[in-house]
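Naming convention: chains lettered A, B, ... in sequence-line order (proteins, then strands); numbering from 1 in each chain.
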Protein chains: 2
Amino acid sequence: MPPTPQSPRPTDAELEILRVLWSLGPCTVRQVHDELSPKRDVGYTTMLKLMQIMTDKGLLLRNESQRSHVYRARQKETVTQKQLVKDLVSRAFGGATEKLVMQALSSKKATAQEIADIRKLLDEMEGGVQ
Amino acid sequence: MPPTPQSPRPTDAELEILRVLWSLGPCTVRQVHDELSPKRDVGYTTMLKLMQIMTDKGLLLRNESQRSHVYRARQKETVTQKQLVKDLVSRAFGGATEKLVMQALSSKKATAQEIADIRKLLDEMEGGVQ
DNA sequence: AGAAGACTACGAAGATCTTCGTACGATGCA
DNA sequence: TGCATCGTACGAAGATCTTCGTAGTCTTCT
């Protein structure tokens, strides 16, 4: 199969927009702007411009069949998260994923449920088909 | 105690320099440049400028007692790694550290040893003083 | 001493990111 | 029909990041 075309790593502002789209599903600029206005005081045309640029970059897809264009994330949330984690692992941990995991775990009190979930994942990895 | 003064998140180029300093210990610009030259074709004065700016930002400390100034990372590697992980967790995972851990683990075949290490850490977290 | 080399400081260019103002077309309503 | 509103497109400004050239100082070697 063809490799997934690589989108550039989203910037901070772009990631905020992606998170809204992942959370709400496809949205107009207006919807994203209303959603983010409380925490980020940014003009409407700024948001529009950002989302246009993100579309050019391949981070978003745009449906222009309506007057108000409808945008959605091109990649699923988990795919982008995986890329970001992989990127951080290579930039800051020399590629050692388990070091990142240890750092993340040791800096956070996880609940018993979360610990159990992680254990289960480890079990699957060990017992798995390789 | 006074809170640790926050340094800005290092950029990609800055993180590369930090990694050299963490690995080799305090270095001159020349040493860092020699170390990075193979993988990054960048001029000497570029490296110098970057490290001067990093010093201004508080990412590096500089010893000027010699003609060739000696730079070192202000934060320990693990501290910066923790900050970067925390930052990514908040920007991309809505603060859910365990989601990042799961993503990291599921996208990597860990060795038996690494899995064992993580299990041990989980044991400590559960049995810990809490 | 004088030339060559190494070092720091600094200004500025080019790229990217974020922001907004303005222009202009669509829609909807008095 | 005419006007206010909402939408997109786009240029450009300001901030930051990365890059390098040049100038000036200090050291070393012949």
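In this structure, the separation between CE on B:Met51 and OG1 on B:Thr28 is 7.5 Å, given to the nearest 0.5 Å.
Separating the CG atom of B:Leu50 from the P atom of D:dT18 is a distance of 7 Å, rounded to the nearest angstrom. In this structure, the CD atom of B:Gln66 is 13 Å from the P atom of C:dC7, given to the nearest Å. One atom, NZ of B:Lys57, and another, C1' of D:dC17, lie 7 Å apart when rounded to the nearest Å. Taking atom CG of B:Asp12 as the reference point, atom P of D:dT19 lies 11 Å away to the nearest angstrom. Rounding to whole angstrom units, CE of residue B:Met54 and P of D:dT16 are separated by 17 Å. Rounding to whole angstrom units, CD of residue A:Gln31 and P of D:dT8 are separated by 11 Å. One atom, CD1 of B:Ile53, and another, P of C:dT8, lie 15 Å apart when rounded to the nearest Å. Distance A:Leu48 CG to C:dC24 C1': 14 Å, rounded to the nearest Å.
Side-chain N/O atoms of A:Arg9 include none lying less than 4.0 angstrom from OP1 or OP2 on C:dC17. An OP1 or OP2 oxygen of D:dA9 is reached within less than 4.0 angstrom by a side-chain nitrogen or oxygen of A:Arg62. Using a 4.0 Å cut-off, no side-chain N or O of B:Thr11 falls inside it from OP1 or OP2 of D:dT16.
Shown here are the salt bridge (charged side-chain N to carboxylate O under 4.0 Å, His left out) partners of A:Asp34, two or more places apart in sequence or in another chain: there are none.
By the rule that hydrophobic residues join a cluster once side-chain heavy atoms approach within less than 4.5 Å of another member, B:Leu36 and B:Val42 end up as members of one cluster.
In this structure, the nucleotide among D:dG7, C:dT8, D:dT18 sitting nearest to the side chain of A:Ser68 is D:dG7. Checked against D:dT18, C:dC10, D:dG7, the side chain of B:Gln52 finds its nearest nucleotide in C:dC10. Across C:dA9, D:dT18, D:dT8, the shortest atom-to-atom separation from the side chain of B:Ala13 is found for D:dT18.
The base-pairing partner of C:dA26, taking Watson-Crick or G-U wobble contacts with both distances under 3.5 Å, does not exist among the strands shown. In this structure, D:dT25 and C:dA6 make a Watson-Crick or G-U wobble pair, each of the two defining distances being under 3.5 angstrom.
Applying the 90° cutoff around 0 to the glycosidic angle, C:dA26 is assigned syn.
No side-chain N or O of B:Ser68 forms a donor-acceptor pair with one of B:Arg30 less than 3.5 Å apart. A donor-acceptor pair shorter than 3.5 Å can be found between the side chains of A:Gln113 and A:Asp117.
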Each nucleotide of nucleotides 20-30 of chain D classed B (base within 4.0 Å of a protein heavy atom), S (only sugar-phosphate) or -, in 5' to 3' order, makes BBB---BS---
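Between the side chain of A:Gln103 and the backbone N or O of A:Leu100 there is no donor-acceptor pair closer than 3.5 Å. Within the 3.5 Å criterion, the main-chain N or O of B:Leu61 finds no donor-acceptor partner in the side chain of B:Arg72.
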